[in-house]
Amino acid sequence: MMSDFAKDGVFHALKKMGDVTPPSHEFPRGGAHWRTKDSVSTVSHVDAPSQQDQVSRLTAQMENTYQLGPTKHFPVVTVNSILKDVLTNYLQEEEYSPELCRQMTKTISEVIKAQVKELMIPRYKLVVTVHIGQCDGQSILIGSRCLWNPKSDTVSSYVFRNSSLFALANVYAIYFE
Amino acid sequence: MEEYQRHSDEVGFNAEEAHNIVKECVDGVLGGEDYNQNNINQWTASIVEQCLAHLVKLGKAYKYIVTCAVVQKSAYGFHTASSCFWDTTSDGTCTVRWENRTMNCIVNVFAIAI
């Protein structure tokens, strides 16, 4: 249960700043020669909170809910099928190309987030990550570890492959106590 | 009887600090190494675990998600993006890109306030 003041504060913050999306990464590859000295990655899309909000960065004070855990747990199976559908629909027929995949990672992560939000699981924060790579003999390992409360928090993951690319999507759901 | 007041995170997530911590961890594990199929599993595991351990030592009331991707340097492209639904005043993220002669490494840290 939140006091009115707190509710306004949080919603105002959320409405104003939107979601924070970290920059998407790209390692461009040229034909015969490529730089080994400096990083050649580019930041192409960042949504960052504006500086003026530094002053009012107090987190809302909330009343005690006396709730020990989530009333409704995160439906991992439903989310797995959402991931599978989204990835298959967007990538089934696609060939790897740098431009397409750069846009695709951003679009897919937004779409997945929107669909999971529609499930309306109360008090859960979401982190959606999408990795897309070209699939041709090179080796890659992606790992993640989380420090959380395993009774209430969870992760859902799906890997999609076709002849030219692979895509990995993860959804982390964190209960807001 | 006083009601328990949650200590508010007045400064939010400190991305600078996290950036430095992660960079040190990656340098420590991968610095000077060449890409090696046999060790890669061990390396990602130790990068992630060390990062988590250092972040926890900061003693803040946060839950952490740390992801690490290590790619062999080759002519092939790799893209990564993420989208988050959270409270932007208290939660935050930090990404570190690291590379050497034979491999690239991307580490993402997401910190979510309790």
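Below, all heavy atoms of this structure are taken into account, side chains as well, without hydrogens, waters or symmetry copies. Reminder, nothing fancy here: chain letters follow the sequence lines and each chain counts from 1.
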Taking [options] one by one, which has the highest count of heavy-atom pairs under 4.5 Å against chain B?
{"options": "A:G143, A:S97, A:G133", "answer": "A:G143"}
{"options": "A:I142, A:T129, A:N170, A:L126", "answer": "A:L126"}
{"options": "A:I112, A:I108, A:V171, A:I132", "answer": "A:I132"}
{"options": "A:F166, A:Y175, A:W148, A:Y172", "answer": "A:Y172"}

**Message:** Please enumerate all residues that pass side-chain hydrogen bond (donor to acceptor under 3.5 Å, both in side chains) together with A:Y124, with sequence neighbours excluded.
**Reply:** none
**Message:** Donor-acceptor check, side chain of B:K63 to backbone of A:F176, threshold 3.5 angstrom: yes or no?
**Reply:**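 Not at all, since once roles are kept as given, no pair shorter than 3.5 Å links the two residues.
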**Asked** Taking B:Y62 for the side chain and B:F13 for the main chain, is one N or O donor matched with an acceptor at less than 3.5 Å?
**Response** yes
**Prompt:** Who wins among B:A69, B:C94, B:G92 for the most heavy-atom pairs under 4.5 Å with chain A?
**Reply:** B:A69
Got a second to check how far [X]'s [atom1] is from [Y]'s [atom2], nearest 0.5 Å?
{"X": "A:I174", "Y": "B:D91", "atom1": "CD1", "atom2": "CG", "answer": "9.5 Å"}
{"X": "A:F160", "Y": "A:L87", "atom1": "CZ", "atom2": "CG", "answer": "7.5 Å"}
{"X": "A:L141", "Y": "B:M103", "atom1": "CG", "atom2": "CE", "answer": "11.5 Å"}
{"X": "A:N89", "Y": "A:K84", "atom1": "CG", "atom2": "NZ", "answer": "11.5 Å"}
{"X": "B:L55", "Y": "B:C25", "atom1": "CG", "atom2": "SG", "answer": "8.0 Å"}

**Request:** Select all residues of residues 26-40 of chain B having any heavy atom within less than 4.5 Å of some heavy atom of chain A, and report them by number, or 'none'.
**Result:** B:Y35, B:Q37, B:I40
**Item:** Those residues of residues 41-51 of chain B, ordered by number, that approach chain A below 4.5 Å (heavy atom to heavy atom)
**Value:**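 Answer by number: B:N41, B:T44, B:A45, B:V48, B:E49.
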**Fill in**
Cut-off 4.5 Å, heavy atoms of chain B, and the answer for A:D153 is side chain
**Item:** Interchain contact, B:L52 with chain A, by part (heavy-atom threshold 4.5 Å)
**Value:**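 Looking at B:L52, just its side chain touches chain A.
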Would you say [X] and [Y] make side-chain contact, with heavy atoms under 4.5 Å?
{"X": "B:V22", "Y": "B:V66", "answer": "no"}
{"X": "A:V116", "Y": "A:V128", "answer": "no"}
{"X": "A:V127", "Y": "B:I112", "answer": "yes"}

**Item:** Contacts of B:Y64 that satisfy ring-ring contact (aromatic ring centres under 6.0 Å, His included) - sequence neighbours left out
**Value:**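 B:Y64 satisfies ring-ring contact (aromatic ring centres under 6.0 Å, His included) with no residue once adjacent residues are dropped.
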**Message:** With a 6.0 Å cut-off (strictly less than), is the heavy-atom count around CD of A:E93, excluding the residue itself, greater than 12?
**Reply:**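 No, because the 6.0 Å sphere around CD of A:E93 holds 12 heavy atoms or fewer from other groups.
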